[in-house]
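Okay, structure first, notes after.
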Amino acid sequence: MLDLKLIRNNPDQVRAGLNKRGAAALVDELLRLDEERRDNLARVEALKNKRNVVSKEVGRLKSAKVDATNLINEMKEVNEEIRQLDGVVRDLEERINEILYTLPNLPQEDVPVGADEQANVEVRRWGEPRTFSFTLKPHWELGESLNMFDFEQGAKISGARFTVLKGLGARLERALVNFMLDLHVNEHGYTEIFPPFLVSGACMVGTGQLPKFAEDMFKASPGDYYLIPTAEVPVTNLHREEILTAERLPIKYVAYSACFRAEAGSAGRDTRGLIRQHQFNKVELVKLTKPEDSAREHERLVQDAEKVLQLLNLPYRVVLLSSGDMGFAASKCYDLEVWLPSSGQYREISSCSNFGEFQARRANIRFRREPDAKPEFVHTLNGSGLAIGRTVAAIVENYQQADGSIVVPEILVPYMGGVKTIK
RNA sequence: GGAGAGAUGGCUGAGUGGUUGAAGGCGCCCGCCUCGAAAGCGGGUAGGGGUUUACGCCCCUCGCGAGUUCGAAUCUCGCUCUCUCCGCCA
């Protein structure tokens, strides 16, 4: 959520930022509502002040056994006026918040301006895509023939975009989860979290999925629960409504979770294979930092995610997303794209975002620099480290052999119970 | 699911319908003392909003939401959460 005071004091800056994201317009409406609200607020507060003063006077008079009927009657009228104005102010606040909750974050200065992924900027590449001396197969063909995954059974028990992992396919999934968690905990200093997969609506508002993207979420019933689309939601919200001490920052969490996405609006895209599923596994990195540290911590977070791909020896590139391609809450975002030989392209496998204070303002996560200092909003960041299903797809495709078997990346062999080849 | 207890500031813990945004304690900050520290002593210490060049002033907030009242932390109703016992359960 954007700071209403920033909009009030620097409307041109906000307009320019929103324009880069193709989300302009509503600033003027917001300014008008804000002015109207403050106008009515001043009036109702003056009346409340009067009521408070007179009420104390009534108390004094009563204890002195003096009649106060006139004052009491006068206050009854004032109360009616207060009730009315309070309603006006509340309505205005609701409309202001409705708008504020649906405005995206402002892009940072160094984010390339553009409408979509065409304007993304490749930052660096790592690794050399293998050259194959035989005909490549996509991961879904290889995996099915090796009995690693079963798409038909997934469809039978759940429906489209669900997959059953079996045997060494299931084992590979589990190996990757453990490998990534160990790496980030032991080498990168993150604290492991195993969060609930169902959260309250308040959490979804806090990280920005609600109210705008309700149609992308699975809702659980009975109860008012949402299935998490990413561990970002429960983990970032761990500190909702808290004021942290400065020494605790930066906070670095790593969490495995299943992720659930409705994929509304992506019908027909990536219908085959593991790339786009309603349910997938992911190891997520989350950081809470001081504002001045978030840019540096963002770069480090990207490197921590890259390390996974490097250790798996999977070629990838880092892309800086354009203003139009970024997620709603992000102020700056790098995607990690892994090489998928069968389609001959780089595909997103991690998205690493700095949200500035956008989420912290929604979730009310603050910190104090000094024991007596005013609370300030923290900055929140997160990134996949990595999406497990897409990593499996990348391994299967990049490590495929002429005979249709898969060589297990060396670093994973211990996690695979010594299995070096899936055949 | 049944029965009961509770929710107050960073923490703990008082609170009779009327200068109680809230005693006391702990913690923290500033000062005194000290070579330095501890102890001791004195003072300070919630958040949000509005307004003001500023000092300041005002409004709201005692889990959340309604209500009663001139006035609610305190009374009434609803909700949420936590704890204890019983039942069920991986």
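As a basis for the values below, the full set of heavy atoms in this structure was taken, side chains included, without hydrogen atoms, waters or symmetry mates. Chain letters run A, B, ... following the sequence lines, proteins first and then strands; every chain starts at 1.
- Comparing the C1' positions of U51(B) and U16(B) gives an interatomic distance of 37 Å, to the nearest angstrom.
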**Prompt:** Would Y226(A) and F218(A) count as a ring-ring contact (aromatic ring centres under 6.0 Å, His included) if you check the C-alpha gap in whole Å, the side-chain angles of each, and the deciding distance to 0.1 Å?
**Reply:** CA-CA 6 Å; Y226(A) 290 86; F218(A) 285 108; over 10 Å; no

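- Put simply, CG on L227(A) and NE2 on H278(A) are 12.0 Å apart, with the number rounded to the nearest 0.5 Å.
- The residue R8(A) sits close only to the backbone: its heavy atoms come under 4.0 Å of sugar-phosphate atoms, none of a base.
- With P as the reference atom, G9(B) and C62(B) are 10 Å apart, rounded to whole Å.
- A salt bridge links R276(A) with E263(A): the closest approach of a Lys/Arg side-chain nitrogen to an acidic carboxylate oxygen falls below 4.0 angstrom.
- To the nearest angstrom, P of G47(B) lies 14 Å from CZ of F367(A).
- Distance noted for atom P between C32(B) and A38(B): 14 Å (whole Å).
- Spacing between atom CD of E376(A) and atom C1' of G48(B) amounts to 16 Å, rounded to whole angstrom units.
- Across the protein-nucleic acid pair, K5(A) atom NZ and U52(B) atom P stand 13 Å apart, rounded to whole Å.
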**Request:** Just do the side-chain contact (heavy atoms from CB on, under 4.5 Å) check on V199(A) and Y225(A) with the steps written out, would you?
**Result:** CA-CA 5 Å; V199(A) 296; Y225(A) 301 113; over 6 Å; no

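- The stretch residues 33-43 of chain A touches RNA chain B through R37(A), R38(A), L41(A), each having a heavy atom under 4.0 angstrom from the strand.
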In residues 383-396 of chain A, what donor-acceptor pairs under 3.5 Å come from side-chain atoms, sequence neighbours left out?
{"residue": "S384(A)", "atom": "OG", "partner": "S351(A)", "partner atom": "N", "Å": "3.1"}
{"residue": "R390(A)", "atom": "NE", "partner": "I275(A)", "partner atom": "O", "Å": "2.9"}
{"residue": "R390(A)", "atom": "NH1", "partner": "E348(A)", "partner atom": "O", "Å": "2.8"}
{"residue": "R390(A)", "atom": "NH2", "partner": "I275(A)", "partner atom": "O", "Å": "3.0"}
{"residue": "T391(A)", "atom": "OG1", "partner": "A387(A)", "partner atom": "O", "Å": "2.6"}

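- A gap of 41 Å separates the C1' atoms of G17(B) and G31(B), to the nearest Å.
- In this structure, the ring-ring contact (aromatic ring centres under 6.0 Å, His included) partners of H298(A), at least two apart in sequence or on a different chain, are Y334(A).
- With sequence neighbours left out, E241(A) forms a salt bridge (Lys or Arg N to Asp or Glu O under 4.0 Å) with no residue at all.
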**Message:** One character per nucleotide, please: for nucleotides 55-72 of chain B, 5' to 3', B when the base has a protein heavy atom closer than 4.0 Å, S when only the sugar-phosphate does, - otherwise.
**Reply:** ---BBS------S--BS-

**Prompt:** Starting at the 5' end of RNA chain B, what dot-bracket string do you get if Watson-Crick and G-U pairs under 3.5 Å are bracketed, crossing pairs use [ ], other-strand pairs use | and unpaired bases use dots?
**Reply:** ((((((((.[[[..)..(.....]]]((((((.......))))))((((((....)))))).[[[[[..)....]]]]])))))))....

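- For E284(A), the salt bridge (Lys or Arg N to Asp or Glu O under 4.0 Å) partners are K282(A), not counting sequence neighbours.
- At whole-Å resolution of the value, CG in N9(A) and P in U52(B) are 12 Å apart.
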N/O donor to acceptor pairs below 3.5 angstrom from side-chain atoms of residues 110-117 of chain A, sequence neighbours left out:
{"residue": "D110(A)", "atom": "OD2", "partner": "K332(A)", "partner atom": "NZ", "Å": "2.6"}
{"residue": "D116(A)", "atom": "OD1", "partner": "Q118(A)", "partner atom": "N", "Å": "2.9"}

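- Across all strands, R60(A) comes closer than 4.0 Å to no nucleic acid atom at all (heavy-atom distances).
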Can I get a per-line list of side-chain donor-acceptor pairs under 3.5 Å for residues 140-157 of chain A, giving both atom names and the distance, sequence neighbours left out?
{"residue": "S145(A)", "atom": "OG", "partner": "E141(A)", "partner atom": "O", "Å": "3.1"}
{"residue": "S145(A)", "atom": "OG", "partner": "L142(A)", "partner atom": "O", "Å": "2.9"}
{"residue": "D150(A)", "atom": "OD1", "partner": "E152(A)", "partner atom": "N", "Å": "3.0"}
{"residue": "D150(A)", "atom": "OD1", "partner": "Q153(A)", "partner atom": "N", "Å": "2.8"}
{"residue": "D150(A)", "atom": "OD2", "partner": "K166(A)", "partner atom": "NZ", "Å": "3.4"}
{"residue": "Q153(A)", "atom": "OE1", "partner": "K166(A)", "partner atom": "NZ", "Å": "3.0"}

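- Less than 4.0 Å separates RNA chain B from no heavy atom of any residue of residues 200-212 of chain A.
- Partners of E57(A) under the side-chain hydrogen bond (donor to acceptor under 3.5 Å, both in side chains) rule, at least two apart in sequence or in another chain, are R60(A).
- With P as the reference atom, U61(B) and G2(B) are 34 Å apart, rounded to whole Å.
- Separation of the C1' atoms belonging to U82(B) and C30(B) is 38 Å when rounded to the nearest angstrom.
- Whole-Å rounding puts the E93(A) CD to G50(B) P distance at 9 Å.
- Between L47(A) atom CG and U51(B) atom P there is a gap of 17 Å when expressed in whole angstrom units.
- Nucleotides G6(B) and G21(B) place their C1' atoms 23 Å apart, quoted to the nearest Å.
- Taking the P atoms as reference points, U45(B) lies 11 Å from A23(B), given to the whole Å.
- Looking at every heavy atom in both residues, T102(A) comes nearest to K212(A) through O-NZ, 3.1 Å.
- Note on ring orientation: taking the six-membered ring where Trp is involved, the planes of H188(A) and Y190(A) are perpendicular (angle over 60°, cut-offs 30° and 60°).
- Residues passing the ring-ring contact (aromatic ring centres under 6.0 Å, His included) test with F328(A), sequence neighbours excluded: F213(A), F358(A).
- Regarding R361(A), its CZ atom lies at a distance of 11 Å from the P atom of G48(B), rounded to whole Å.
- Between D86(A) atom CG and G49(B) atom P the separation is 18 Å, expressed in whole Å.
- Salt-bridge annotation for R369(A) and E376(A): present, with a side-chain N of the basic residue lying under 4.0 Å from a carboxylate O of the acidic one.
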